[in-house]
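Written out below as structure tokens is the structure these notes cover.
Here is the naming used below: chain letters follow the sequence lines, and residue numbers restart at 1 for every chain. Only heavy atoms go into these numbers, but all of them, side chains included; no hydrogens, no water, no symmetry mates. Everything numeric in this text was worked out from a predicted model, so none of it was measured.
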Amino acid sequence: MPATDVDFEREFEELVRDLRALPTAAPEQLREHVRLLGEPARTQTLRDVLPALSWRRSLLVLAPVCVLGLVSAALIHGLVNSGGSQNQALVQQTSGSGGTADTKGSKLELGTSAATPNARSLATPAPGRFQDYQASLSLRVKDVDTLHERTAEATQIARSYGGFVASVDESTNGGGGQSDLVLRIPVARVQDAYFRLATLGTVTAQHLSIRDLDQVVRSQGRRIVQLKLSIARIGQTLESASLPADVRLRLELQRDAAKQELARVTGSNKATLREASLSRISLTLTAQQAAAAKKGGMGRIERAARDAGSFLASAGAVLLFLLIVLSPLIVLAAVGLWGTRAYRRREERRLLSAA
Amino acid sequence: MRVVNAVTTSWPALRLDRPTFSAVAESELDAVHRYLLFLTGNRTVAEDLTGETFEKAFRVWRRFDPRRGTARAWLCGIARTTALDHFRSEERRRRREERYAHDLPETEDLAFGPGPLEAALGLLSAAEREVVALRVLLELDGPTTARVLGISTTACSTRLSRALKRLEELMKDARD
């Protein structure tokens with residue numbers, strides 16, 4: 001063993017020199033073989049153009065870029081959404097085949113929020129079909145005085161279209177108030193009435209529901225005919241004098257039951273027809289208090305910030321959801337990767353020790 | 001590293017000299033051969049594997065990115081994979097042969113020669129010879145060597161000092 005560090009250094013240098021002096025040059029035959037390979041065809045790829053980045057560095061760049069993109073998207077969303085005070089969001093949910101008012105045997109629902117009613121967007125009742133047509137409209141008015149006026153106007157509008165007011169519920173509280181009206185208007189004129197009602201204030205929400213009753217009316221009609229026939233047949237049988245007393249009693253009971261059923265079905269049929277002939281419009285008029293009104297009339301920047309915040313919150317929720325869903329897979333992938341690497345290293349060690 | 005020829009990308013913002021394959025092959029052939037000679041301890045096998053390494057490198061030359069490391073380190077990585085594949089296939093062959101002929105004579109080609117250093121090198125493990133070749137003969141730096149070997153820089157440094165110490169002891173024993 002070397003006595004001092006100097007000896008060690010000297011011996012080490014000697015060892016390195018000896019190692020480098022070993023005849024390890026490649027033989028000429030091998031050199032010639034490699035030379036014969038020549039030059040591979042060169043094509044410029046994207047890798048040549050892009051700067052060399054390891055995945056760690058890529059992550060360091062990508063993460064802030066993603067965050068920046070998200071924040072920018074939120075700001076754009078906020079600015080775009082705050083552009084007008086009345087923005088329309090039309091949500092249409094349909095089941096069955098129809099998406100317009102002439103849906104057959106289906107239910108159509110249209111809901112809009114803070115929307116101005118549009119003749120094209122509002123579904124019209126289908127002529128010649130029995131439909132349960134229901135709409136709700138929420139309007140904001142300036143103050144309590146206007147609320148009273150508009151409530152009266154709504155009543156007049158309903159009457160002017162041949163309808164009536166089913167109920168009115170008006171209440172005021174300090175500087176604010178609310179009026180809830182249920183108007184019944186003939187289906188044939190509901191569209192015009194609806195648009196006139198919408199002009200009474202600023203639309204804050206609207207909802208439309210159409211349920212097709214054609215099938216119900218038809219089945220009720222068939223049932224009425226059946227019952228009438230049945231009653232007539234029983235009546236004819238009872239006219240015969242030769243009937244035994246017990247049979248007569250049974251038939252009379254059957255006829256009474258059929259008559260009761262006929263009365264019930266006829267009543268239902270009338271109710272259905274009434275329902276189909278008159279639409280139901282639920283009108284809510286609201287007069288907000290000064291403070292609340294001020295809150296509702298936020299500045300554009302404030303609205304933009306609020307929208308951007310909600311956008312970011314939604315994005316965060318989606319990311320969190322994805323993280324929760326994908327985390328087991330990520331853990332599995334990481335364990336798999338780690339296991340593969342460990343196995344490969346052990347295998348390499350084993351091979352090198354055996355070589 | 002001496003570069004004989006080079007081509008430049010057509011992107012002025014990313015001007016970077018990319019050596020040609022033939023230039024790299026010419027300048028790095030001895031280094032790769034030396035590394036494989038140390039790793040395998042067999043001259044014939046080292047020659048075969050060197051040829052194979054350059055054939056592989058020729059096929060995947062477009063993947064070489066000089067911004068990520070030197071051509072020497074890149075070639076050593078390919079050489080190592082080639083050598084490990086060779087060891088694996090040799091192991092399978094030996095196992096097969098052992099099953100049918102137990103006493104087949106091994107024909108070992110003496111890699112380094114008859115001297116005490118050569119004898120001591122022959123007694124080192126392949127892993128030890130490998131790290132000596134990369135650090136001392138090929139003069140790769142610590143992090144590059146560690147990357148080629150797939151181990152940490154500390155582990156690489158430890159392996160090198162242990163290999164050199166052992167080599168020195170073996171030589172001393174041979175001299176005594």
Side-chain angles (χ1 to χ4, degrees), chain A residues 1-2 7-58 340-355, chain B residues 7 9-11 14 16 18 20-22 25-26 29-30 32-34 37-41 43 46-47 50-51 54-55 57-59 61-63 65-68 80 83-84 87-88 90-91 112-113 115 117-118 121 125-128 130 132-133 136-137 149-151 164 167-169 171-172:
Chain A
M1 289 293 284
D7 289 343
F8 178 80
E9 286 292 325
R10 190 174 47 76
E11 282 184 19
F12 181 73
E13 274 175 24
E14 276 176 19
L15 180 62
V16 168
R17 201 171 50 243
D18 289 347
L19 280 168
R20 285 180 181 159
L22 285 171
T24 52
E28 198 51 42
Q29 195 185 350
L30 178 62
R31 195 175 298 279
E32 200 55 41
H33 172 74
V34 172
R35 269 184 201 142
L36 281 175
L37 290 173
E39 194 62 38
R42 179 90 187 104
T43 49
Q44 188 152 308
T45 59
L46 197 64
R47 279 173 73 97
D48 302 328
V49 178
L50 293 173
L53 281 175
S54 67
W55 66 270
R56 282 195 189 92
R57 281 187 184 174
S58 307
T340 312
R341 281 181 70 177
Y343 172 77
R344 206 177 58 222
R345 281 188 187 173
R346 206 177 54 215
E347 181 72 1
E348 280 178 9
R349 270 202 304 275
R350 191 184 61 75
L351 283 169
L352 288 174
S353 63
Chain B
V7 288
T9 60
S10 56
W11 296 80
L14 297 163
L16 191 74
R18 184 186 161 89
T20 59
F21 176 77
S22 49
E26 190 68 37
L29 179 64
D30 284 335
V32 173
H33 178 258
R34 200 173 293 150
L37 188 63
F38 267 64
L39 181 58
T40 59
R43 200 168 283 276
E47 280 173 25
T50 307
F54 277 95
E55 282 166 19
F58 178 82
R59 284 197 296 273
W61 177 243
R62 61 181 184 81
R63 286 191 210 159
D65 187 348
R67 290 165 295 191
R68 287 180 182 274
R80 190 166 195 268
L84 287 170
F87 290 149
R88 226 171 263 130
E90 272 297 293
E91 192 183 52
F112 308 108
L117 176 61
E118 290 85 341
L121 275 173
S125 74
E128 288 169 332
E130 179 185 33
V132 170
V136 178
L137 300 186
L149 299 178
I151 56 176
L164 287 173
L167 190 61
E168 213 171 309
E169 281 170 7
M171 281 180 65
K172 189 172 252 182

query = Side chain, backbone, both or neither: which part of A/Arg345 has a heavy atom under 4.5 Å from chain B?
reply = side chain

Which portion of B/Leu167 sits near chain A, non-hydrogen atoms under 4.5 angstrom = side chain

key: Max heavy-atom pair count under 4.5 Å with chain B, selected residue of A/Glu14, A/Arg35, A/Arg349   = A/Arg35

inquiry  = Please classify the contact between B/Arg59 and chain A as side chain, backbone, both or neither, with a heavy-atom cut-off of under 4.5 Å.
reply    = neither

task = Check B/Phe58 against A/Leu37 and note the closest heavy-atom contact, atom names and distance.
result = CE1-O, 3.1 Å

request  = Carefully, step by step, assess B/Glu91 and A/Arg350 under the rule salt bridge (charged side-chain N to carboxylate O under 4.0 Å, His left out).
outcome  = CA-CA 11 Å; B/Glu91 192 183 52; A/Arg350 191 184 61 75; 2.3 Å; yes

query = Does a side-chain heavy-atom distance below 4.5 Å link A/Glu347 with B/Arg88?
reply = yes

query = Under a 4.5 Å cut-off applied to non-hydrogen side-chain atoms, are B/Arg43 and A/Pro27 in contact?
reply = no

task = Show your working on side-chain contact (heavy atoms from CB on, under 4.5 Å) between A/Gln29 and B/Glu47 and close with a plain yes or no.
result = CA-CA 10 Å; A/Gln29 195 185 350; B/Glu47 280 173 25; 5.5 Å; no

Contact summary for A/Pro40 and B/Phe21, nearest pair of heavy atoms = CD-CB, 3.5 Å

query = Do any N or O atoms from the side chain of B/Asp30 and from the backbone of A/Ala25 form a donor-acceptor pair under 3.5 angstrom?
reply = no

request  = Output the distance between atom CG (A/Leu19) and atom CG (B/Leu164), rounded to the nearest 0.5 Å.
outcome  = 7.5 Å

Side chain, backbone, both or neither of B/Glu130 within contact of chain A (heavy atoms, under 4.5 Å) = side chain

query = Hey, which of B/Leu149, B/Thr50, B/Ile151 has the most heavy atom pairs under 4.5 Å with chain A?
reply = B/Thr50

inquiry  = Is there a side-chain contact between B/Leu137 and A/Leu22 in this structure, where contact means two heavy atoms from C-beta onward sitting under 4.5 Å apart?
reply    = no

inquiry  = If you compare all heavy atoms of B/Leu84 against all heavy atoms of A/Leu351, which two are closest, and at what distance to 0.1 Å?
reply    = O-CD1, 3.9 Å

ask   = Which heavy atom in A/Val34 sits nearest to a heavy atom in B/Ala25, and how many Å separate them?
value = CG1-CB, 3.5 Å

inquiry  = Strictly distance-based, threshold 3.5 Å: is any side-chain N or O of A/Glu39 a donor or acceptor partner for the main-chain N or O of B/Ser22?
reply    = yes

key: Heavy-atom pair of closest approach, residues A/Arg31 and B/Leu29   = CA-CD2, 3.3 Å

message = Report which part of B/Val32 has an atom under 4.5 Å of a heavy atom belonging to chain A: side chain, backbone, both, or neither.
response = neither

